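Keep in mind the model is a prediction, meaning the values are calculated, not measured.
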Amino acid sequence: MKGLIIAAGEGSRLSNRGNSKPLVPLLELPLIERVILNAKGAGISDFYIVTGYNGEKLRNHLDQFAQNRDLKITHLINNQWEKENGLSVLAAKKEINENFILLMSDHIFDKSILEDLMRTQEKVADGEIILAVDYNLKNKIVDIDDVTKVLVDDKGRIVNIGKNIKEYNAYDTGIFLCSPAIFEALEESSDNGDTSLSAGIKILAKQKKSRVFDIKGKYWIDVDDENAFKKAENILLANLKKVSDGPVSRYLNRPISIRISKYLLKKSITPNQISLFSFIFSMVGALFFFFGGYANLLIGGILAQMASIIDGCDGEIARLKFQTSEFGGWYDAVLDRYADAFLLFGLTYYVYFLGENLLYLFIGFLAIIGAFMNSYTADKYDGLMKKNLTRGKHYFRIGRDVRIGIIFIGTLINQPALILFVIAFLMNAENIRRILIFYKKSKNF
């Protein structure tokens with residue numbers, strides 16, 4: 001599907017951050033790049049970008065960006081960029097003659113909104129448009145004085161739209177699924193003296209050809225001024241948290257790793273390099289276990305916990321920079337398994353030579369095999385739990401973060417044998433619990 005992104009306006013309220021608003025970096029990535037890459041991730045492959053104010057600079061940047069990211073970008077120019085945004089949409093009339101996605105260059109949003117909206121494409125009747133709306137009128141992220149309001153009837157059709165309407169029950173997110181009928185409507189509204197996008201939507205609304213799509217509480221924000229910019233940063237960082245995060249990751253690792261990632265964004269380091277760096281920390285920590293003595297035990301535990309925190313940064317950087325890949329996830333998982341094995345083997349070695357009791361070797365074996373099976377069962381378990389999860393909620397999970405956290409705490413209190421016993425028991429008990437949950441779920445089908 002084609003995507004039309006309008007980026008012609010001046011954006012004067014963010015001029016302190018740069019003379020081209022679409023190129024203002026948000027967490028080290030320009031706003032328009034975030035919009036494009038988000039849309040690409042949702043399945044859009046062909047982009048039309050409408051430029052105007054400081055257009056040459058923006059077009060030159062996008063040409064280089066398209067080359068680096070293997071994107072197809074067609075430039076359209078709106079020489080009347082001082083007027084309202086409907087004219088920017090009209091600039092694509094001769095280029096697009098099929099259904100398309102319309103986006104704003106300064107709106108940051110959850111990619112799943114666009115994915116869900118695109119699934120409704122087959123339900124779009126001739127001459128219709130669908131606008132993604134936010135029904136949460138208590139959304140504190142929204143600038144109530146600047147947001148475009150929407151009045152929707154009980155059949156999901158737009159009755160009225162505009163920034164100054166008094167009666168409304170939803171907000172316009174700036175994400176549209178349009179048919180070419182939008183161009184005719186905008187031409188009509190422009191002839192009537194109103195060049196805004198909302199005016200064209202109103203004309204289609206009178207024809208009962210403007211419908212809405214509920215984003216169901218997912219995040220979006222119009223990055224229009226300094227206050228919204230800071231909110232957008234916080235939203236993106238907050239959404240680095242995963243529903244699959246275990247308790248140690250959620251309350252200790254993630255708050256620290258997010259701060260580290262925010263700093264690392266300014267560097268040229270890649271997610272795979274971070275994965276390797278975390279692995280090296282774990283291996284050095286494991287090496288200290290082999291040296292014996294409480295000081296080395298403590299250093300090994302601290303390094304293991306540091307590695308666990310850093311291990312969260314690779315995924316965070318990948319998501320913020322749109323550098324996620326199947327290889328990256330697999331590579332990180334492989335390194336984690338090797339790191340776990342060496343850490344637990346090092347502890348087993350440490351404990352065994354304290355008491356030279358074969359029981360410790362057996363407990364160490366159970367800890368290692370339990371850890372490996374815990375990782376093996378995670379994929380099915382996480383998939384099942386996410387499928388049945390209410391949005392914004394976490395589910396109970398004992399995984400690698402808990403395992404490393406136990407190692408860290410156990411080394412602090414100098415209880416290496418207890419570490420092995422607790423990990424052996426918890427990991428294998430968790431695996432049995434997952435098997436039972438999946439078995440009970442499968443019987444329902």
Passes side chain to side chain contact (heavy atoms under 4.5 Å, CB included), N374 versus R434? Steps please. CA-CA 9 Å; N374 184 258; R434 292 178 182 180; 3.5 Å; yes

Under 3.5 Å, is there a donor-acceptor pair linking the side chains of [X] and [Y]?
X    : Y    : answer
D134 : T173 : no
R433 : Y381 : yes
N54  : E10  : no
E316 : S257 : yes
S112 : D110 : yes
N99  : K2   : no
N68  : Q64  : yes

Quick test of your reading of the model: are [X] and [Y] salt-bridged, counting only N-O distances below 4.0 Å?
X    : Y    : answer
E167 : K149 : no
R397 : D382 : yes
K266 : E28  : no
D116 : K218 : yes
D340 : R337 : yes

Short side-chain to backbone donor-acceptor contact, [X] and [Y], under 3.5 Å:
X    : Y    : value
S12  : S15  : no
S278 : A307 : yes
R157 : R211 : no
N234 : K230 : yes
N78  : V50  : no
S308 : A304 : no
Y294 : L412 : yes
R34  : L26  : yes
K21  : V223 : yes
K380 : I435 : no

Determine whether the aromatic ring centres of F289 and Y350 lie less than 6.0 Å apart. no

Measuring only between side-chain heavy atoms, which start at C-beta, is [X] closer than 4.5 Å to [Y]?
X    : Y    : value
F291 : I299 : no
L103 : F109 : yes
L252 : D401 : no
N38  : I108 : no
I221 : I235 : yes
L27  : E233 : yes

Steps toward side chain to side chain contact (heavy atoms under 4.5 Å, CB included) verdict (R403, F408): CA-CA 9 Å; R403 196 157 59 239; F408 174 59; over 6 Å; no

Of the non-hydrogen atoms in [X] and [Y], which two are nearest, and what is the gap between them?
X    : Y    : result
A371 : L344 : CB-CD1, 3.8 Å
G405 : Q305 : CA-OE1, 3.6 Å
H107 : G174 : ND1-CA, 3.7 Å
A424 : L366 : CB-CB, 3.9 Å
L343 : G285 : CD2-C, 4.3 Å
I165 : Y168 : O-CD2, 3.7 Å

Would F288 and L303 satisfy side chain to side chain contact (heavy atoms under 4.5 Å, CB included), going step by step from the backbone distance to the final call? CA-CA 9 Å; F288 272 92; L303 287 174; 4.0 Å; yes

Audit row: K163, D145, salt bridge (Lys or Arg N to Asp or Glu O under 4.0 Å) steps and yes/no: CA-CA 8 Å; K163 290 189 176 184; D145 295 323; over 6 Å; no

Is atom [atom1] of [X] surrounded by more than 12 heavy atoms (other residues, nucleotides or ligands) closer than 6.0 Å?
X    : atom1 : answer
Y263 : OH    : no
Y331 : OH    : yes
F279 : CZ    : yes
N16  : CG    : yes
K241 : NZ    : no
Y135 : OH    : yes
Y352 : OH    : yes
F277 : CZ    : no

Atom [atom1] of [X] and atom [atom2] of [Y]: how far apart are they, to the nearest 0.5 Å?
X    : Y    : atom1 : atom2 : result
I419 : I406 : CD1   : CD1   : 9.0 Å
I141 : N227 : CD1   : CG    : 11.0 Å
L58  : T51  : CG    : OG1   : 6.0 Å
I101 : I130 : CD1   : CD1   : 9.0 Å
L177 : R119 : CG    : CZ    : 13.0 Å

